[in-house]
Amino acid sequence: MHRARTVAERVTDPELPMLTLADLGVLRDVDVVGDSHVVVDITPTYSGCPAMAAMRDDLVRELQGAGFDRVEVRVSLDPAWTTDWITPEGRAALAAAGIAPPGPAPSTSGPIPLTLLPTARQVRCPQCDSPATELVSEFGSTACKAQYRCTSCLEPFDHVKEI
């Protein structure tokens, strides 16, 4: 692994700082084009993600600090990011921080049907591991998370939505 990739893989997500961009699956590619020119490809967790500018700035700052004079960060939308790209280490870091990691992403091919019903998920409490949880709000502290409550230990917690 080249030095630029090692540096880029240490950059953390601004909204989930317990995860690196690599563990989140957002960091797609790091290519050294010249002596001090690096091109980094990242994929947003969803279109319009407000954290993309912070991710770009953090990557540029860290890579320039490591001696790469020219850092180009490109946004790659194809293929679209999926929660399946979160590494096992990233899932463990989420759970350790009290955030329920996502289950498998829904598998679809072709058009995705629009449903207005609540999403049914099997979410385990990251505090006590109980499956007895209930949705409090589909909208959490970020668009990627929903709020749940454990009916066993009564603790509230966030859950990263499956995408």
Side-chain angles (χ1 to χ4, degrees), residues 1-33 37-66 68-121 123 126 135-148 157-163:
M1 182 176 349
H2 54 74
R3 189 170 60 89
R5 182 163 197 88
T6 301
V7 171
E9 285 182 349
R10 290 193 307 251
V11 175
T12 58
D13 180 78
E15 293 178 330
L16 297 166
M18 74 290 300
L19 296 181
T20 66
L21 298 183
D23 280 335
L24 185 56
V26 168
L27 183 67
R28 304 301 298 147
D29 193 26
V30 179
D31 190 27
V32 178
V33 184
H37 178 196
V38 178
V39 178
V40 179
D41 289 316
I42 57 176
T43 298
T45 56
Y46 66 95
S47 295
C49 174
M52 291 299 288
M55 289 178 197
R56 181 198 60 234
D57 293 348
D58 291 347
L59 284 163
V60 169
R61 183 185 64 252
E62 292 299 318
L63 287 161
Q64 285 179 341
F68 297 96
D69 297 328
R70 185 168 169 223
V71 179
E72 180 182 348
V73 178
R74 299 185 303 202
V75 175
S76 176
L77 299 177
D78 187 30
W81 180 86
T82 169
T83 49
D84 287 345
W85 292 357
I86 299 175
T87 66
E89 296 82 10
R91 291 170 189 280
L94 286 169
I99 299 171
S107 177
T108 59
S109 62
I112 298 172
L114 174 63
T115 60
L116 299 178
L117 300 174
T119 302
R121 299 183 187 98
V123 178
L135 179 67
V136 174
S137 175
E138 191 63 41
F139 306 99
S141 57
T142 66
C144 301
K145 293 185 276 187
Q147 293 179 332
Y148 278 77
F157 63 92
D158 282 343
H159 167 70
V160 176
K161 299 174 190 175
E162 295 81 6
I163 298 175

Checklist entry - How far does CG of Asp31 sit from NE2 of His37, to the nearest 0.5 angstrom? => result 9.0 Å

Checklist entry - Measuring from Ser76:OG to Asp29:CG, what's the distance to the nearest 0.5 Å? => result 9.5 Å

Would you please name every residue forming a side-chain contact (heavy atoms from CB on, under 4.5 Å) with [X], sequence neighbours left out?
X	answer
Ala8	Leu27, Val30, Leu59
Ala146	Arg121, Leu135, Glu138, Tyr148, Lys161
Ala66	Arg3, Val7, Phe68

Identify the two heavy atoms, one from [X] and one from [Y], that lie closest to each other, and give their separation to 0.1 Å.
X	Y	result
Thr82	Ala105	OG1-CB, 3.3 Å
Lys145	Glu15	NZ-O, 4.4 Å
Val32	Ala4	CG2-CB, 3.7 Å
Gly98	Pro126	O-CG, 3.3 Å
Asp13	Leu21	CA-CD2, 3.8 Å
Gly140	Gln147	CA-CG, 3.8 Å

Item to check | Short side-chain to backbone donor-acceptor contact, Trp85 and Arg28, under 3.5 Å | outcome: no

What donor-acceptor contacts under 3.5 angstrom involve side-chain atoms of residues 89-96, with partners at least two apart or in another chain?
residue	atom	partner	partner atom	Å
Glu89	OE1	Thr87	OG1	3.4
Arg91	NE	Ile86	O	3.3
Arg91	NH1	Pro102	O	2.6
Arg91	NH2	Thr83	O	2.7

Checklist outcome for this item: Contacts satisfying side-chain hydrogen bond (donor to acceptor under 3.5 Å, both in side chains) that involve residues 40-53 (not counting sequence neighbours) are Asp41-Arg74

Next on the checklist: Applying side-chain hydrogen bond (donor to acceptor under 3.5 Å, both in side chains) as the test, list every pair that has at least one member in residues 52-62; sequence neighbours left out.
Outcome noted: Asp58-Arg61

Next on the checklist: Within the 4.5 Å heavy-atom criterion, are Met18 and Ile99 side-chain neighbours or not?
Outcome noted: yes

